[in-house]
Amino acid sequence: MCGIVGYVGDKQALEVVVSGLRRLEYRGYDSAGVAVIADGRLDVRKKAGKLVNLETLLGADPLAESTTGIGHTRWATHGGPTDTNAHPHVSEDGTVAVIHNGIIENFAELREQLTADGVHLASDTDTEVVAHLLARTLPQAAGNLTEAMRLVCRELQGAFTLVAIMTEDPDLVVGARRNSPLVVGVGEGENFLASDVAAFVEHTRNALELGQDQIVTLTKDAVSIIDFDGHRVEPSPYSVDWDASAAEKGGYDLFMLKEIAEQPKAVADALRGRIGRDGRLQLDEMRLDDAALRSITKVIVVACGTASHAGMVAKYAVEHWTRIPVEVELASEFRYRDPIVGPSTLVIAISQSGETMDTLMALRHAAEQGAPTLAICNTVGSTIPREADAVLYTYAGPEIAVASTKAFLTQIIAAYLVGLYLAQVRGTMFADEIGRIMAELNDMPQKVDLVLDTVEPVRAIARELAGCSSVLFIGRHVGYPVALEGALKLKELAYMHAEGFAAGELKHGPIALIEEGVPVVVIVPSPRGRALLHDKLLSAIQEVRARGARIIAVAEEGDERITPFTDHVIRVPIVPTLMQPLVSTVPLQVFACEMATAKGHDVDQPRNLAKSVTVE
Ligand code: F6R
């Protein structure tokens, strides 16, 4: 959700803030705004629409020069995406400006109190109440913005990151964090606040994690942190292990295209260094001891969207290798159904961003029930891995396009590593079996590379089908979550009706959707690995084809039996069954990307979506 940047230093704040916003725009892009302090007053510009609209406004109506500033890109929650509702919001007396990410749940009550006190609220947002509250609390806080922020935060309910500046102290930026991301960038004679390190990584790779319910105060030379009770907190420093170029398009037209192309490297990085000198699998970040892992009787994976599809793929492998039952649950449903969770249930949260609120809340619920928790995450230092008992990072590098690609493949790899590790610890597989599967996994970067080399025809198919109103995806076994993932990519990028089904379910309802010309993408299992399923899928193809469907098969090299029954065949290399999702998903990513491009959509920033969903 919303992107936040704060800066204090020697540079022109506007330039730093706007370039930070450019890197954060994937978090929300329905309006943007900036504020600086110059000559004892706040200078604010904000504009509905993408960042470029704000930049155009700034070109026509430049902001005053200043070395302290804040900026925001918004994903609307309270109030539509208008100029007025864009952040920053300013207190009625014009002394305090605030930006915010999250939802202030008791805002209606606070708004009512302010209105009763005669305050005029200019916007429909929950954020604006904070600007007024801060200004009204400052006298009680002896004019200290940090203290005012602390007092106000104690009155707020919900999830929020807040960053504020005030005219009385122009060299100060104050931030607060509850359940919403905020990181500090520590520079030389300059400091930064942002929802994501991407905003400041071109200036510094030294970062500080902020914990729950903490307030941070920045001047150009100092960073200090307190908690909501006013106690000093020692910061936890870390170093960002990628540079600014990793968050740039690097010659590609789209971040999504770049990230699809990066998948062989991402998979290799996710696998790197996992085998110790003794030939055994070692997961350094796995902070759960082996005894605890031996006592596990059930695994529950909680995740959202694409990450949940990775969990579904992993279920097939982990159950097979460990003989432990694995449930995969949408994180948003988990804590509301009184799940059966206890000390012998390992709860695995999968999240690219590490900030998805539904997943975080599911993880917390599991921890409250006494379950050991493990995060599979891409973003180092984010909330979910910090709160989990153990973490396995996916090392895919920054994923900027809203539609997840390389994160998905690496989430599968990481979940497989956890499965193999459990099998090793529990003795359900021999060392040589684990070694064989690790060798298969280590082949995957090259196999994914092969897919990328041969994926060009997929673009032509996508363009041919761009006029269709609906596309169905079917698969079986590990091909089923791949079908779901293919459909999700098409929905979010091409804005069209797309559904994924388990092929065996067709006859139980979905086949009624088939009419003349409907494209059906079929994820075909290997005829060698899963001969029975291959036969059954051939029958499913016949059934939908008999009713007029156009068949696009994703099938392995050499599978000629399907050819007579298809309109198009997308070939993928021969790999073991459990590895198939790693190759068969890639053409579906390209398919969705190309179809969205053909329809003229913004692929990297699809409508209504944001990269990191930090509200429930
Ligand atoms: C789809 C997509 C989303 C995310 C979901 C979870 O392309 O990107 O479905 O997978 O919002 O996000 P993370 O993994 O950050 O928890």
Side-chain angles (χ1 to χ4, degrees), residues 2-24 27 34-38 42-43 63 65-73 87-88 96-101 134 144-150 153 160-177 180-211 213-227 232-244 247 380-382:
C2 310
I4 281 182
V5 189
Y7 174 77
V8 53
D10 290 329
K11 298 185 179 125
Q12 278 307 312
L14 181 65
E15 282 162 31
V16 177
V17 167
V18 171
S19 96
L21 290 182
R22 230 174 270 133
R23 291 185 189 279
L24 293 187
R27 299 180 73 90
V34 285
V36 297
I37 303 167
L42 284 166
D43 202 4
L63 216 54
E65 294 200 344
S66 171
T67 52
T68 306
I70 56 176
H72 189 266
T73 63
H87 302 206
V96 177
V98 176
I99 51 179
H100 165 223
N101 174 25
L134 280 172
N144 180 321
L145 186 58
T146 306
E147 178 60 5
M149 181 69 93
R150 189 182 77 79
C153 285
F160 48 85
T161 293
L162 295 161
V163 175
I165 51 177
M166 70 168 184
T167 50
E168 286 301 300
D169 205 340
D171 301 320
L172 191 76
V173 178
V174 175
R177 165 171 196 265
S180 222
L182 187 63
V183 280
V184 183
V186 183
E188 306 249 324
E190 57 181 358
N191 288 308
F192 307 78
L193 272 178
S195 357
D196 184 326
V197 294
F200 55 71
V201 76
E202 67 180 297
H203 304 285
T204 178
R205 285 160 75 170
N206 298 325
L208 301 178
E209 289 177 6
L210 276 187
D213 289 3
Q214 291 184 354
I215 295 182
V216 58
T217 306
L218 303 189
T219 60
K220 75 197 241 326
D221 296 313
V223 176
S224 61
I225 305 174
I226 57 168
D227 63 21
R232 225 186 125 72
V233 176
E234 275 313 306
S236 326
Y238 68 102
S239 176
V240 182
D241 62 1
W242 46 271
D243 64 18
V380 176
S382 57

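Taking Val17 as the reference, Val5, Tyr7, Leu21, Val34 meet the side-chain contact (heavy atoms from CB on, under 4.5 Å) condition, with sequence neighbours excluded. For the side-chain contact (heavy atoms from CB on, under 4.5 Å) test, residues two or more places apart in sequence or in another chain that qualify with Arg205 are Val201, Val240, Asp243. The side-chain hydrogen bond (donor to acceptor under 3.5 Å, both in side chains) test applied to His72 returns His87, not counting sequence neighbours. Shown here are the side-chain hydrogen bond (donor to acceptor under 3.5 Å, both in side chains) partners of Asn191, two or more places apart in sequence or in another chain: there are none. Considering only residues two or more places apart in sequence or on other chains, Thr146 meets the side-chain hydrogen bond (donor to acceptor under 3.5 Å, both in side chains) condition with Thr217.
Here the closest heavy-atom approach between residue Ala199 and residue Ala194 is recorded as CB-CB, 3.6 Å. Scanning all heavy atoms of the two residues, the minimum distance from Phe200 to Asn206 falls at CE1-O, 4.5 Å. Closest heavy-atom contact between Val233 and Gln214: CG1-NE2, 3.4 Å. Minimum heavy-atom separation, Lys220 to Asp10: CE-OD1, 3.0 Å. The heavy-atom pair separating Ser224 from Arg232 by the smallest distance is CB-NH1, 4.3 Å. Nearest heavy-atom pair across Val216 and Leu210 is CG1-CD1, 3.6 Å.
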Between Trp242 and Val380, is the side-chain contact (heavy atoms from CB on, under 4.5 Å) condition met? List the steps.
CA-CA 11 Å; Trp242 46 271; Val380 176; over 6 Å; no
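Distance CG/Leu24 to CG/Asp196: 5.5 Å, rounded to 0.5 Å. Rounded to the nearest 0.5 Å, atoms CG (Leu172) and CD1 (Ile37) are 8.0 Å apart. The structure places OG1 of Thr219 at 12.5 Å from CD of Glu190, a figure rounded to the nearest 0.5 Å. Annotation: the span from Ile225 atom CD1 to Arg177 atom CZ amounts to 11.0 Å, rounded to 0.5 Å. The CD1 atom of Ile226 sits 11.5 Å away from the CG atom of Asp213 when rounded to the nearest 0.5 Å. In this structure, Ser66 OG and Asp43 CG are separated by 9.0 Å, a value rounded to the nearest 0.5 Å.
Here the rule is side-chain contact (heavy atoms from CB on, under 4.5 Å) with Leu182, and of Val163, Asn101, Leu162 only Val163 fits it.
Each side chain to side chain donor-acceptor pair (under 3.5 Å) pair with one or both residues in residues 160-173, not counting sequence neighbours, would appear here, but there are none.
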